[in-house]
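We number each residue from 1, following the sequence as shown.
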Amino acid sequence: MALSRSSLNLYSPICRHRKSTTVATFLFPKHPLKVSKFTNLPLTMNHNIHFKPHCQVSCVISSSSSSSMESSPPDGYRRNVGICLINQSKKIFAASRLDIPDSWQMPQGGIDANEDPKSAALRELKEETGVSSAEIIAEVPHWLTYDFPPEVREKLKCQWGSDWIGQAQKWYLLKFNGNEEEINLLGDGTEKPEFGAWKWMSPEEILEHAVDFKKPVYKEVMEVFSPHFH
């Protein structure tokens, strides 16, 4: 089911969503970059925001997180991929979570047994957003980790049946080559929807709207991929 390109798209009258008007003023600290290969993209602008139902959610926000420079994920962390999807105007795809109000994030998901992380990134992107018209153009060369806050860890322990300290993520930068009608937060129908709205954001807005315990990882991802955003 393709989404409308109007500035506001409600799927159901039973749920109302509020469009964030926060003006991000976050300034990046100076840190050295960690990648050497980048590509340039042509510029066009699009600031559409799209909504769908299910806005009755509970909030879980905490702090903690660290990055791992290891070539393989550390023990006790769930293997995961993160997807930084950019459009031709060099804006980043973000979606609001159904289970955490006012929390926006980039797509991510677990890596299946014996699955290549790059394949997992493409699969998760399609499952969560319906997008298949995308290509990987860069990656963070090391695993990044964040710890779950206690309440989140306990909730996920019941959901997954495994007790993970947090997630170890392999991050990829993908270029969106399709039309926005392709974006569908119902995904490809193989998984339960996770998001209620989507929007193209600046790196500063990505950090502004992320939950606290993911911000250190998001900050490093933005730093590594920053040459693609200019």
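Residues that satisfy the side-chain contact (heavy atoms from CB on, under 4.5 Å) test with Thr190, not counting sequence neighbours, are Glu127, Asp188. Under the side-chain contact (heavy atoms from CB on, under 4.5 Å) criterion, Lys157 pairs with Glu154, Asp163, not counting sequence neighbours. Applying the side-chain contact (heavy atoms from CB on, under 4.5 Å) rule to Ile165 yields the partners Tyr77, Asp147, Arg153; only residues at least two apart in sequence or on another chain are considered. With sequence neighbours excluded, no residue forms a salt bridge (Lys or Arg N to Asp or Glu O under 4.0 Å) with Lys126. For Phe93, the ring pair (Phe, Tyr, Trp, His ring centres under 6.0 Å) partners at least two apart in sequence or on another chain are Trp198, Trp200.
Proximity of the aromatic rings of Tyr218 and Trp171 is defined here by a centroid distance below 6.0 angstrom, and this criterion is met.
Using a 4.5 Å heavy-atom threshold, the side chains of Lys219 and Leu207 count as touching. Within the 4.5 Å cutoff, the side chain of Thr145 has no heavy atoms near those of the Gln167 side chain. Side chains of Pro193 and Glu128 form no contact here, defined as non-hydrogen atoms less than 4.5 Å apart. Side-chain contact check for Met201 versus Trp104: some heavy-atom pair is nearer than 4.5 Å. Between Trp160 and Arg78, the closest side-chain pair of non-hydrogen atoms falls below 4.5 Å. Put simply, the side chain of Lys90 does not reach to within 4.5 Å of the side chain of His230, judged on heavy atoms. The shortest distance between side-chain heavy atoms of Ile136 and Leu173 does not fall below 4.5 Å. Taking 4.5 Å as the limit, some side-chain heavy atom of Val221 sits within range of a side-chain heavy atom of Leu144.
The heavy-atom pair separating Arg79 from Pro73 by the smallest distance is CG-CG, 3.7 Å. The minimum heavy-atom distance between Gly110 and Asn80, with the atom names listed, is N-ND2, 3.5 Å. In terms of heavy-atom proximity, Ala95 sits nearest to Phe195 at CB-CG, 3.3 Å. Considering every non-hydrogen atom in both Pro216 and Asp212, the closest pair reads CD-O, 3.6 Å. Taking every heavy atom of both residues into account, Ile206 and Ala94 meet most closely at CD1-CB, 3.6 Å. Closest heavy-atom contact between Ser226 and Glu223: OG-O, 2.9 Å.
With rounding to the nearest 0.5 angstrom, the CE atom of Met222 is 4.0 Å from the SG atom of Cys84. A distance of 10.5 Å separates CG in Leu156 from CD in Glu151, rounded to the nearest 0.5 Å. Rounding to the nearest 0.5 angstrom, the gap separating the CD atom in Glu208 from the OG atom in Ser202 is 9.5 Å. Of the inter-residue distances, the one linking Lys170 atom NZ with Ile83 atom CD1 reads 12.5 Å to the nearest 0.5 angstrom.
Using modelled atom types, one side-chain atom of Glu182 and one backbone atom of Ser133 make a donor-acceptor pair closer than 3.5 Å. Side chain of Tyr172 to main chain of Leu85: no donor-acceptor pair is present (N/O by atom type, distance under 3.5 Å, no hydrogens or angles).
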N/O donor to acceptor pairs below 3.5 angstrom from side-chain atoms of residues 114-122, sequence neighbours left out:
residue: Glu115; atom: OE1; partner: Asp112; partner atom: N; Å: 2.9
residue: Glu115; atom: OE1; partner: Arg123; partner atom: NH2; Å: 2.9
residue: Glu115; atom: OE2; partner: Arg123; partner atom: NE; Å: 2.8
residue: Asp116; atom: OD2; partner: Lys118; partner atom: N; Å: 3.0
residue: Asp116; atom: OD2; partner: Ser119; partner atom: N; Å: 3.3

*After noting the C-alpha distance and the side-chain angles of Gln169 and Val217, does the key distance pass the side chain to side chain contact (heavy atoms under 4.5 Å, CB included) rule?*
CA-CA 9 Å; Gln169 296 184 308; Val217 165; 3.7 Å; yes

*CA sep, side-chain torsions, deciding dist, call: Val211, Lys214, side chain to side chain contact (heavy atoms under 4.5 Å, CB included)*: CA-CA 6 Å; Val211 293; Lys214 291 184 180 181; 3.7 Å; yes

*Step by step, work out the side chain to side chain contact (heavy atoms under 4.5 Å, CB included) result for Leu174 and Ile137.*
CA-CA 6 Å; Leu174 282 74; Ile137 58 176; over 6 Å; no

*Checking side chain to side chain contact (heavy atoms under 4.5 Å, CB included) for the pair Ile92/Phe225: CA distance, chi angles, key distance, verdict?*
CA-CA 11 Å; Ile92 304 165; Phe225 294 151; over 6 Å; no

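No side-chain N or O of Gln108 forms a donor-acceptor pair with one of Glu124 less than 3.5 Å apart. No side-chain N or O of Glu204 forms a donor-acceptor pair with one of His209 less than 3.5 Å apart.
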